[in-house]
Amino acid sequence: MSLHFFDSRRRKKLPFTTIQPGRVSIYNCGPTIYDFAHIGNFRAFIFTDILRRWLEVSGYNVTQVMNLTDVDDKTIKRSQREEVSLTEVTQRFRTAFFEDIDCLNIKRAHEYPEATTHIDEMVKLVESLIKEGNAYKAEDGSVYFSVSSYANYGELSGKHLEDLRIGDRVSSDEYESKDDVRDFALWKAWDEADGDVFWETSIGKGRPGWHLECSAMSTKYLGKDFDIHTGGVDLIFPHHENEIAQAKCGIGGDFAHWWLHNEHLSIEGRKMSKSLNNYYTLRDILEMGYKPREIRYVLSSTHYRSKLNFTFDGLAAARSAIERIDEFHESWDQYPDGDAAPEATEAIDRARTAFNAAMDDDLNVSGALSHVFTLIREINAIHHQGKATKGFLPELKELWERFDHALGILKPFGEASSADDEDSQRIETLIEDRLEARNSKDWARADEIRDLLADEGVELKDGPEGTRWKRRQD
RNA sequence: GGCGGCGUGGCCAAGCGGCUAAGGCGAAGGUCUGCAAAACCUUUAUUCGCCGGUUCGAAUCCGGCCGCCGCCUCCA
């Protein structure tokens, strides 16, 4: 099976095609930098990361752009509450965002455009929309997109204009200056609540509406036609629908050719929300003692289009699964010299084929991981039979690199190495002492040392090749 | 009201018309060990919410029912 993705617009899984052979352009809806991002955000960013990684592994030259929303109601409110400038807020959370994605082994996009540095592009787009008759300036000074001027409005979300229920969630009074309550703001006229946040432009004094930045910035960096646009399912309507309308009417082209959306996650089976007190930022989870790699594992191991139930049991299970992966990786050094056993080579080939097929099938990470674990079990069994040799290691290592390039989960990251410090020296000495005690069958002394180390959280692992140790994670 | 999704072993989670229903965690047994731990191996769903239907054949398609959930104006 060749590479297939599920396209939200066409509502089915289709063979992936690109505009230019061998090149893929991706635009991701990124965070609003008004606070620390929560783990739901990171599910989305890990999904786009794996998408980008798999395209790279598949041989594509990928250009990835992710926006950072740095002006909107939330950023403005926060800066006012803290009585600091808007830039001070967004700078702080931009830094935090980059720390967070680095921590989760998420590859950096090639560009991170921000709304406030693309006002010109946005104004130009709005001017063009007004000129084409798709937008109008209302009495309140704001500029709105006229939804009825675009016949295909609703093509992405499958919504029909006449079905949209008006007034259920938002009082239509708030929008009395619009021609149609379904019209959305391109440019918001300044009012006192915005304080000193405004731009004096040809379309008035104000600030951009939220949807506008994505149309302007994606096409600026990727062209009016680009390959993939991603985001959370909640953005399909109205955000992405509006992006399409703006871009197609004001810029031309077909905008994004593929739309990939990730599902949300729940926490212990319940919707994550501040009122349920189960709203977690990445930093919250890290403070509880969980490791970035465990979090990445949990966030990536459920298919991106399925709801993910984020649980602390799941994090614990991820820890065990990761230990199994690492034990396997570390066991390679123990293999004796020798030619590759045919069954090992076959297992490796099977794993490669099966992994590729799973990932090609709309990024089936769960399936791909199952093949990683099957490989681990098969090679371990071969090792157990004494048939594992260094002969097949080059092939195995090459495959392992490929797997890790795709998933970013197989090799350790984000943890300080515990070796080489003074404490390690002391532990190693104690292990030496214990070995001597064991050799002289002084079991009491040997167990005493083992207990002593266990009390400080150091776990000893006796094996045929000697004793290894590691600090218990908690 | 409109549009859409989900229900697979104790937990998590693939599979979406046909080989014995992946895999992880957990649990049980075994190997190893001075005893352990760790590690590794083996075992762990005649069955896929319920009831009908289509089919030579269904967890997978269709219909109904039950249960859960999302979107419908700024939330990944």
Side-chain angles (χ1 to χ4, degrees), chain A residues 8 11 28-32 37-48 69 72-74 147 154 157-160 162-166 168-170 174-175 181-185 188 209-211 230-239 241-242 261-266 269-273 297-298 301-303 305-311 313-325 327-328 330-331 354 358 361 364-374 376-377 380-381 383-385 438 441-443 446-447 450-451 454 459-464 467-470:
Chain A
S8 304
R11 292 173 185 72
N28 309 309
C29 275
T32 301
H38 60 69
I39 54 168
N41 293 310
F42 291 111
R43 181 187 196 195
F45 304 143
I46 287 173
F47 152 61
T48 61
T69 298
D72 78 326
D73 290 350
K74 294 187 299 254
V147 163
S157 59
K159 295 190 186 304
H160 305 286
E162 57 274 20
D163 292 337
L164 298 179
R165 282 171 58 146
I166 294 153
D168 263 21
R169 307 219 336 175
V170 176
E174 290 177 28
Y175 296 94
V181 286
R182 298 164 307 194
D183 290 349
F184 58 90
K188 295 183 156 188
W210 174 44
H211 314 298
T230 73
V233 286
D234 55 308
L235 298 181
I236 294 173
F237 189 88
H239 182 56
E241 199 70 73
N242 294 352
H261 291 99
N262 62 278
E263 250 300 344
H264 282 189
L265 55 74
S266 53
R270 311 191 70 185
K271 186 182 167 82
M272 177 166 73
S273 76
Y297 187 99
V298 167
S301 58
T302 295
H303 186 92
R305 284 191 291 112
S306 298
K307 284 185 188 67
L308 184 156
N309 185 18
F310 188 93
T311 65
D313 282 352
L315 284 169
R319 175 168 299 183
S320 300
I322 287 168
E323 277 171 16
R324 182 167 165 78
I325 289 168
E327 286 291 344
F328 175 64
E330 286 162 19
S331 72
D361 183 11
N364 185 350
V365 174
S366 322
L369 269 176
S370 81
H371 301 118
V372 173
F373 283 107
T374 299
I376 289 175
R377 194 186 62 245
N380 276 336
H383 181 39
H384 199 63
Q385 293 159 21
R438 292 180 73 199
K441 297 200 189 312
D442 182 359
W443 310 128
D447 291 350
R450 185 168 72 196
D451 292 344
E459 206 172 75
L460 298 186
K461 307 175 179 199
D462 295 330
T467 300
R468 291 182 301 146
W469 64 276
K470 73 174 189 182

Colleague: Hey, does H383(A) reach any base, or is it just sugar-phosphate, or nothing, if we go heavy atoms under 4.0 Å?
Modeller: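 Answer is nothing: H383(A) stays at 4.0 Å or more from every strand.
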
Colleague: Using 0.5 Å steps for rounding, measure from the CG atom of D234(A) to the NE2 atom of H239(A).
Modeller: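 Going from the CG atom of D234(A) to the NE2 atom of H239(A) covers 9.5 Å.
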
Colleague: Holding to ring-ring contact (aromatic ring centres under 6.0 Å, His included), I want the full list of residues that pass it with F310(A), two or more places apart in sequence or in another chain.
Modeller: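 Checked F310(A) against ring-ring contact (aromatic ring centres under 6.0 Å, His included); zero matches.
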
Colleague: If the cut-off is 4.0 Å, is T69(A) near the phosphate of rA76(B), judged by side-chain N/O to OP1 or OP2?
Modeller: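 Negative; the distance criterion is not met.
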
Colleague: Given rC25(B), rC74(B), rA76(B), identify the nucleotide with an atom nearest to the side chain of W210(A).
Modeller: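 Nearest to the side chain of W210(A) among the choices is rC74(B).
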
Colleague: E459(A): what forms a side-chain hydrogen bond (donor to acceptor under 3.5 Å, both in side chains) with it, not counting sequence neighbours?
Modeller: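 If we apply the side-chain hydrogen bond (donor to acceptor under 3.5 Å, both in side chains) test to E459(A), skipping adjacent residues, there are no hits.
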
Colleague: Restricting to ring-ring contact (aromatic ring centres under 6.0 Å, His included), what partner residues turn up for H371(A), sequence neighbours left out?
Modeller: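 If we apply the ring-ring contact (aromatic ring centres under 6.0 Å, His included) test to H371(A), skipping adjacent residues, there are no hits.
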
Colleague: Contact class for S331(A) vs. all strands (heavy atom < 4.0 Å): base, sugar-phosphate, or nothing?
Modeller: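 If one applies the 4.0 Å heavy-atom cut-off, S331(A) turns out to touch nothing in the nucleic acid.
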
Colleague: Give K271(A) one of three labels, base, sugar-phosphate or nothing, depending on what nucleic acid heavy atoms sit under 4.0 Å from its own.
Modeller: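 Here K271(A) touches the backbone only, sparing every base.
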
Colleague: Give me the distance, rounded to whole Å, that separates rU8(B) from rA13(B) when you measure between the P atoms they each carry.
Modeller: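 The answer is 9 Å between these two P atoms.
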
Colleague: Restricting to salt bridge (Lys or Arg N to Asp or Glu O under 4.0 Å), what partner residues turn up for R11(A), sequence neighbours left out?
Modeller: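 Expected list: none.
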
Colleague: Would you mind telling me which of rA76(B), rC75(B), rG70(B) lies closest to the side-chain atoms of M272(A)?
Modeller: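 In terms of side-chain proximity for M272(A), the closest of rA76(B), rC75(B), rG70(B) is rA76(B).
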
Colleague: Between rC25(B), rC12(B), rU73(B), which nucleotide has the shortest distance from any of its atoms to the side chain of F184(A)?
Modeller: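 From the listed options, rU73(B) comes nearest.
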
Colleague: Taking the side chain of K159(A) as its heavy atoms from C-beta onward, which of rG2(B), rG23(B), rA13(B) lies nearest to it?
Modeller: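 Selected nucleotide (nearest to the side chain): rG2(B).
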
Colleague: Is S320(A) close enough to rG26(B) that one of its side-chain N or O atoms is under 4.0 Å from OP1 or OP2 there?
Modeller: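 Checking S320(A) against rG26(B): at least one side-chain N or O falls below 4.0 Å of OP1 or OP2.
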
Colleague: Show the distances under 3.5 angstrom between N or O atoms of the protein and N or O atoms of nucleotides 40-43 of chain B.
Modeller:
residue : atom : partner : partner atom : Å
rC41(B) : OP1  : R377(A) : O            : 3.3
rC41(B) : OP2  : R324(A) : NH1          : 3.4

Colleague: Which part of the nucleic acid does G40(A) contact within heavy-atom distance under 4.0 Å: base, sugar-phosphate only, or nothing?
Modeller: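 Result for G40(A) = base.
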
Colleague: Side-chain donor-acceptor contacts of residues 38-47 of chain A below 3.5 Å, not counting sequence neighbours, with atom names and distances?
Modeller:
residue : atom : partner : partner atom : Å
H38(A)  : ND1  : G40(A)  : N            : 2.9
H38(A)  : ND1  : N41(A)  : N            : 3.2
H38(A)  : NE2  : N41(A)  : ND2          : 3.4
R43(A)  : NH1  : E263(A) : O            : 3.1
R43(A)  : NH1  : H264(A) : O            : 3.0
R43(A)  : NH1  : S306(A) : O            : 2.8
R43(A)  : NH2  : H303(A) : O            : 2.8
R43(A)  : NH2  : S306(A) : O            : 2.8

Colleague: With sequence neighbours left out, write down each residue that passes salt bridge (Lys or Arg N to Asp or Glu O under 4.0 Å) with D462(A), or none if nothing qualifies.
Modeller: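 Partners of D462(A) under the salt bridge (Lys or Arg N to Asp or Glu O under 4.0 Å) test: R434(A), R438(A).
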
Colleague: Over all strands shown, is N262(A) touching base, sugar-phosphate only, or nothing at heavy-atom distances under 4.0 angstrom?
Modeller: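 Base contact - N262(A) has a heavy atom under 4.0 Å of at least one base atom.
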
Colleague: For RNA chain B, what dot-bracket results from Watson-Crick or G-U pairs at under 3.5 Å, with [ ] for crossers and | for inter-strand partners?
Modeller: ((((((((.[[[..)..(....]]]((((((.......))))))....[[[[[..)....]]]]])))))))....

Colleague: For R305(A), which residues count as a side-chain hydrogen bond (donor to acceptor under 3.5 Å, both in side chains) partner, sequence neighbours excluded?
Modeller: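 If we apply the side-chain hydrogen bond (donor to acceptor under 3.5 Å, both in side chains) test to R305(A), skipping adjacent residues, the hits are D362(A).
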
Colleague: When you compare the ring of H264(A) with the six-membered ring of rA76(B)'s base, are the centres less than 5.5 Å apart and the planes under 30° from each other?
Modeller: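 Yes, the aromatic ring of H264(A) stacks with the base.
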
Colleague: Less than 3.5 Å between a donor and an acceptor, one on the side chain of S370(A) and one on the base of rA22(B), is that the case here?
Modeller: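 When only heavy-atom distances are counted, S370(A) does reach the base of rA22(B) through a donor-acceptor pair under 3.5 Å.
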
Colleague: What I want to find out is whether E327(A) reaches K461(A) closely enough, with some N-O distance under 4.0 Å, to be called a salt bridge.
Modeller: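 Yes, charged N to carboxylate O under 4.0 Å.
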
Colleague: Report, one pair per line, the protein and nucleotides 16-20 of chain B atoms (nitrogen or oxygen only) whose separation is under 3.5 Å.
Modeller:
none

Colleague: Which pairs, protein N/O on one side and nucleotides 33-36 of chain B N/O on the other, fall under 3.5 Å?
Modeller:
residue : atom : partner : partner atom : Å
rG34(B) : N1   : D447(A) : OD1          : 3.0
rG34(B) : N2   : D447(A) : OD2          : 2.9
rC35(B) : O2   : R450(A) : NH2          : 3.4
rC35(B) : N3   : R450(A) : NH1          : 3.1
rC35(B) : N3   : R450(A) : NH2          : 3.3
rC35(B) : N4   : R450(A) : NH1          : 3.0
rA36(B) : N6   : D462(A) : OD2          : 2.6
rA36(B) : N1   : R450(A) : NH1          : 3.3
rA36(B) : N1   : D462(A) : OD2          : 3.2
rA36(B) : N3   : R450(A) : NH1          : 2.8

Colleague: With sequence neighbours excluded, tell me which residues meet side-chain hydrogen bond (donor to acceptor under 3.5 Å, both in side chains) with D313(A).
Modeller: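 For D313(A) there are no side-chain hydrogen bond (donor to acceptor under 3.5 Å, both in side chains) partners, ignoring immediate neighbours.
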
Colleague: Is there a donor N/O on one and an acceptor N/O on the other, under 3.5 Å, for the side chain of K307(A) and the base of rC68(B)?
Modeller: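 Under the 3.5 Å cut-off, the side chain and the base do not form any donor-acceptor pair.
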
